[in-house]
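Heads up, the thing below is written out as structure tokens.
The figures that follow rest on heavy atoms only: side chains count, while hydrogens, waters and symmetry mates do not.
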Amino acid sequence: MDKQLAVAFGCTLVLGWGLTWSVRALARRFNLIAVPRPDRWHTKPTALLGGVAIYAAFIIGYLLFAPPLPQVSAILLGGTWLFVLGVIDDLVGLKPYTKLSVQVVVAAVAVYLGLRLPWLWWTGSEALDAFITIFWLVAITNAVNLIDNMDGLAGGLTVIACAVLVASFLLGGQTAEAYLPALLAGAVLGFLFFNFHPASIFMGDCGSMFLGFVLGGTAVLSHYGRTRNVISVLLTPVLVALIPILDTTLVTITRRLSGRPISQGGRDHASHRLVALGMSERRAVLTLYALGAVSGLLVVLLRLLRSEVALWLIPAFAIAILLIGFYLGQIRIYEEGAQPTDQTVITKLVGFAHKRRVLEILLDVALVTLAYYGAYLLRWEGTIPDQQWAIFVRTLPLVIGVHILFFSVFGIYGGLWHFTGVGDLIQIAKSVAVGSSVNAMVILALYQFRGPSRAVLILTGLVLLLLVSASRLSFRLLPRLLGVESSKLNGGKPVLIYGAGNSGDLLIREILNNDEYDYAPVGFIEDDARKIGHFIHGLRIFDSREVPKLVQKYDVREVLVSSSKIPEARLDELRRMGLSPKRLRIQIE
């Protein structure tokens with residue numbers, strides 16, 4: 001069966017490639033072209049209706065290879081309706097509310113035909129499950145439609161999501177269901193040969209709405225099978241479509257707060273924000289691919305892990321994604337005058353948090369809970385005994401209250417995350433140490449030193465220190481993890497920085513954090529032999545005697561002098577080499 005699945009995937013891929021090539025030729029011949037617009041990303045006329053090739057390849061592959069399944073007919077019928085709707089929209093244009101109305105009707109029909117999410121099976125409320133499923137199908141349809149904003153993005157994320165669903169279905173013993181995502185992945189991958197940057201054809205709404213509905217519907221087919229926990233089944237749909245969901249949420253909130261219609265096009269998606277940080281278009285797309293792959297890997301892990309471990313992994317991953325969303329939300333991406341001053345989502349939220357720090361406290365409540373629960377998992381190797389679980393439930397409010405109290409006492413809620421440093425980490429360590437000590441004394445006394453694990457109390461402090469420190473450092477670590485700092489150094493005028501001390505560190509930070517500077521530092525130069533050969537922010541420290549070689553190699557014309565200790569005679573030597581030295585000055589008036 002697995003061999004047949006591979007053959008079905010391969011044949012559909014070839015079919016998708018051939019049909020895309022043909023549709024592109026026809027679109028160019030009949031002038032079915034997407035013309036560049038100010039609110040769209042592409043800058044050259046590009047063929048449309050690539051979704052026709054995706055739809056045709058998938059349907060042919062399904063008819064040739066897929067075994068019959070009762071719920072698939074609802075997915076295919078709904079996907080076909082939305083494909084036709086998308087073709088009409090691509091050719092003549094439709095109002096957003098018209099498309100939304102049809103999407104709701106299509107989703108309702110699919111639910112009537114038996115397509116249901118299993119989220120509320122324990123309540124016995126089929127009506128509520130039906131309502132949630134309709135909302136899910138409409139939401140994912142629009143999420144994939146919205147994320148189709150950069151070459152190869154929607155298609156690539158769909159392929160990754162399909163690969164995850166194939167693995168999840170096979171692990172759950174659902175071999176027949178695995179054909180649906182495998183065939184969809186093949187059709188889209190064939191299209192991606194022409195759609196990855198630089199794209200020569202777009203899928204259009206007929207492709208994105210079809211993909212969104214089929215992907216959302218296929219994720220609903222996941223059932224318990226041979227999985228070790230029901231959490232994996234319940235969360236598989238969300239994790240599979242996590243990046244489109246993240247992008248849609250980000251766009252929805254930022255547009256609402258800036259007074260712009262959600263349905264209006266714009267360059268304010270997650271991919272555009274990554275490019276605004278300094279990434280190339282290709283790299284931004286690959287970065288989102290990587291996030292989608294991590295989310296997909298979590299789906300597979302949940303199929304294999306115990307429910308107790310899944311209950312820790314899911315919130316931890318959700319917090320990480322939330323922090324990434326906040327980081328991307330702070331980036332200004334609108335053209336001059338297109339966005340009201342101080343109306344970005346991060347500005348509003350930070351202003352609110354500055355007064356009450358509610359958001360940070362809520363985050364820390366979640367982190368304390370994760371740390372305490374994680375300590376039990378570590379101590380009891382993933383299976384918490386009933387007696388210990390009772391202790392955890394009873395003492396959790398106490399642990400949360402004590403740690404939040406000492407976070408406040410030690411001033412943890414007074415800093416700005418962008419500028420978190422060693423001093424802040426020391427304060428966090430002190431507050432965690434004192435809070436953990438108080439918790440240990442109170443809990444052990446409460447149980448008369450019988451029952452609670454001493455190892456759990458120690459591990460809680462260590463895990464909490466790691467989680468809180470990571471959260472505060474996230475806005476400084478994310479640029480490095482995403483490679484944004486190095487990307488910012490790739491454009492602009494090549495310069496050398498003279499002086500690799502504290503002032504040099506201050507200067508390079510200012511260049512990295514301020515887009516107004518059109519500089520691309522190639523490295524530091526230094527007279528102190530002890531510093532030569534080391535690195536600051538990924539930039540090498542060279543011997544100042546190597547300046548002529550560096551000038552020739554990197555075409556340097558300016559030197560930024562960070563230290564006031566460098567004598568004027570040394571700067572005169574640089575001027576005789578044809579360089580223009582500029583001193584860093586900090587002026588207080």
**Message:** Looking only at side-chain N and O atoms, does Ser271 offer a donor or acceptor that is under 3.5 Å from a partner on Asn149?
**Reply:**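 Judged by distance alone, the side chains do pair up.
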**Request:** Can you tell me which residue pairs pass the ring pair (Phe, Tyr, Trp, His ring centres under 6.0 Å) test with a partner in residues 62-117, sequence neighbours excluded?
**Result:**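 As it turns out, the ring pair (Phe, Tyr, Trp, His ring centres under 6.0 Å) pairs with a partner in residues 62-117, which skip direct neighbours, are Tyr55-Phe83.
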**Request:** Establish, yes or no, whether a centroid distance under 6.0 Å links the rings of Phe135 and Phe131.
**Result:**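 Not under 6.0 Å, so no.
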**Message:** Once you measure the plane-to-plane angle for Tyr376 and Phe392, does it fall in the parallel (<30°), tilted (30-60°) or perpendicular (>60°) bin?
**Reply:**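 It falls in the perpendicular class, over 60°.
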**Message:** Parallel, tilted or perpendicular, judged at 30° and 60°: which one describes the rings of Tyr327 and Phe475?
**Reply:**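 Tyr327 vs Phe475 ring planes: perpendicular.
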**Request:** Determine, stepwise, if the pair Phe317 / Leu242 fulfils side chain to side chain contact (heavy atoms under 4.5 Å, CB included).
**Result:** CA-CA 11 Å; Phe317 184 67; Leu242 185 63; 3.2 Å; yes
**Prompt:** Arg24 side chain to Ala47 main-chain N or O, any donor-acceptor pair under 3.5 Å?
**Reply:**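 No.
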**Request:** Using modelled atom types only, decide if a donor and an acceptor are shared between the side chain of Gln71 and the backbone of Gly114 within a distance under 3.5 Å.
**Result:**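 The answer is yes, because a donor-acceptor pair under 3.5 Å joins these two groups.
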**Request:** Please say which of Trp21, Phe191, Phe193 ends up in a side chain to side chain contact (heavy atoms under 4.5 Å, CB included) with Ile201.
**Result:**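 Result: among Trp21, Phe191, Phe193, Phe191 is the only option passing the side chain to side chain contact (heavy atoms under 4.5 Å, CB included) with Ile201.
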**Request:** Give the intermediate values and the outcome of side chain to side chain contact (heavy atoms under 4.5 Å, CB included) for residues Val111 and Arg116.
**Result:** CA-CA 6 Å; Val111 170; Arg116 298 285 176 91; 3.2 Å; yes
**Message:** Could you walk me through whether Leu363 and Ser471 satisfy the side chain to side chain contact (heavy atoms under 4.5 Å, CB included) test, starting with their C-alpha distance in whole Å, then the side-chain angles of each, then the deciding distance to 0.1 Å, before giving a yes or no?
**Reply:** CA-CA 9 Å; Leu363 172 64; Ser471 69; 4.2 Å; yes
**Sequence-distant partners of Asp90, salt bridge (Lys or Arg N to Asp or Glu O under 4.0 Å), two or more places apart** =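 Checked Asp90 against salt bridge (Lys or Arg N to Asp or Glu O under 4.0 Å); zero matches.
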**Request:** Before giving the answer on side chain to side chain contact (heavy atoms under 4.5 Å, CB included), spell out for Val106 and Thr141 the whole-Å C-alpha distance, their side-chain angles and the decisive distance to 0.1 Å.
**Result:** CA-CA 11 Å; Val106 170; Thr141 298; over 6 Å; no
